[in-house]
Amino acid sequence: QVQLVESGGGLVQDGGSLRLSCAYSGRDFSSYGMGWFRQAPGKERVLVSCISPNSQLEWYIDSVKGRFTISRDNAKNTVDLQMNSLTPDDTAIYYCARARSGYSRYPPDYVSWGQGTQVTVSS
């Protein structure tokens with residue numbers, strides 16, 4: 001049974017930083033691609049960033065490039081999202097997710113989800 005638990009969300013001012021963390025429980029974490037999604041009020045959930053099992057491949061949506069950094073620690077079964085220079089447009093619920101297999105930028109490939117953590121950026 002796979003369980004994903006996000007932490008690190010909260011309220012931050014425009015220009016601030018937050019670091020989200022996702023703890024993975026289950027088998028073979030190091031075999032799976034991982035991603036961070038977000039869903040803003042009234043909008044669809046979108047993939048923000050993803051990382052390959054061995055951390056060699058990373059991808060970011062254009063709006064967060066240069067501001068967000070994804071990382072993973074296969075020894076600790078965690079995947080983090082460092083978010084800098086936050087703006088109100090980054091306000092959303094952020095979800096950690098595990099891909100069906102390896103690295104994927106295709107949202108339907110993500111099959112296991114955390115409960116989400118709220119990030120609110122005030123202007």
Side-chain angles (χ1 to χ4, degrees):
Q1 193 79 343
V2 174
Q3 186 176 16
L4 301 166
V5 179
E6 301 97 336
S7 61
L11 174 64
V12 65
Q13 290 189 333
D14 192 355
S17 297
L18 283 174
R19 187 176 184 90
L20 305 183
S21 187
C22 174
Y24 175 96
S25 297
R27 296 177 61 182
D28 300 329
F29 174 74
S30 61
S31 298
Y32 296 103
M34 298 295 296
W36 283 96
F37 290 72
R38 70 185 180 188
Q39 186 168 21
K43 296 187 178 181
E44 293 185 354
R45 187 164 56 187
V46 297
L47 178 63
V48 173
S49 180
C50 59
I51 189 167
S52 63
N54 60 7
S55 301
Q56 288 188 342
L57 297 174
E58 299 175 9
W59 176 87
Y60 301 91
I61 195 171
D62 284 349
S63 59
V64 309
K65 282 181 181 177
R67 300 189 298 121
F68 289 13
T69 303
I70 192 170
S71 61
R72 65 188 293 163
D73 186 331
N74 286 345
K76 296 181 179 179
N77 286 8
T78 58
V79 57
D80 291 353
L81 187 68
Q82 177 67 43
M83 305 186 296
N84 298 328
S85 302
L86 287 161
T87 76
D89 287 342
D90 296 314
T91 295
I93 300 174
Y94 284 71
Y95 298 89
C96 172
R98 195 208 80 183
R100 191 184 313 275
S101 56
Y103 176 76
S104 177
R105 296 187 293 170
Y106 186 50
D109 280 344
Y110 287 82
V111 296
S112 299
W113 297 86
Q115 81 288 350
T117 186
Q118 177 70 49
V119 171
T120 303
V121 184
S122 63
S123 57

(message) Before you tell me yes or no, could you show the steps for Met34 and Leu4 under side chain to side chain contact (heavy atoms under 4.5 Å, CB included), namely the whole-Å CA-CA distance, both residues' side-chain angles and the distance that decides it to 0.1 Å?
(response) CA-CA 11 Å; Met34 298 295 296; Leu4 301 166; 4.0 Å; yes
Backbone N or O of [Y] within a donor-acceptor pair of the [X] side chain at under 3.5 Å?
| X | Y | result |
| --- | --- | --- |
| Tyr103 | Cys50 | no |
| Arg98 | Phe29 | no |
| Asp73 | Lys76 | yes |
| Asn74 | Asn54 | no |
| Ser49 | Trp59 | yes |
| Tyr110 | Ser104 | yes |

Return the [atom1] to [atom2] distance between [X] and [Y], rounded to the nearest 0.5 Å.
| X | Y | atom1 | atom2 | answer |
| --- | --- | --- | --- | --- |
| Cys96 | Tyr24 | SG | OH | 10.0 Å |
| Thr78 | Arg72 | OG1 | CZ | 9.0 Å |
| Ser52 | Arg105 | OG | CZ | 12.0 Å |

Which pair of heavy atoms, one from [X] and one from [Y], lies closest together, and at what distance?
| X | Y | result |
| --- | --- | --- |
| Pro88 | Ser123 | CG-CB, 3.9 Å |
| Ser21 | Asp80 | OG-OD1, 2.8 Å |
| Arg67 | Ser85 | NH1-O, 2.9 Å |
| Val111 | Pro108 | CG1-O, 4.5 Å |
| Gly33 | Pro53 | N-CG, 3.7 Å |
| Leu11 | Ser122 | CD1-CB, 4.3 Å |

(request) In sequence, state the C-alpha distance, the side-chain angles, and the governing distance for Asn84 and Gln82, and then conclude on side-chain hydrogen bond (donor to acceptor under 3.5 Å, both in side chains). (result) CA-CA 7 Å; Asn84 298 328; Gln82 177 67 43; 2.9 Å; yes
Does any non-hydrogen side-chain atom of [Y] lie less than 4.5 Å from one of [X]?
| X | Y | result |
| --- | --- | --- |
| Phe37 | Ile93 | no |
| Ile70 | Val79 | yes |
| Leu20 | Glu6 | no |
| Asn77 | Ser25 | no |

(message) Working note: Phe68 + Trp36, criterion ring-ring contact (aromatic ring centres under 6.0 Å, His included); need CA distance, chi angles, decisive distance, verdict.
(response) CA-CA 11 Å; Phe68 289 13; Trp36 283 96; 10.0 Å; no
(message) Please determine whether residues Val5 and Leu18 belong to a single hydrophobic cluster, defined as Ile, Leu, Val, Met, Phe, Trp and Tyr linked transitively by side-chain heavy-atom distances below 4.5 Å.
(response) no
(request) Taking the six-membered ring of Tyr95 (Phe, Tyr or Trp), confirm whether the NZ or CZ of Arg45 is under 6.0 Å from its centre and within 45° of its axis. (result)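 That pair qualifies as a cation-pi contact.
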(request) From the options Asp90, Leu81, Thr91, Val119, select the one residue that forms a side-chain contact (heavy atoms from CB on, under 4.5 Å) with Arg38. (result) Asp90
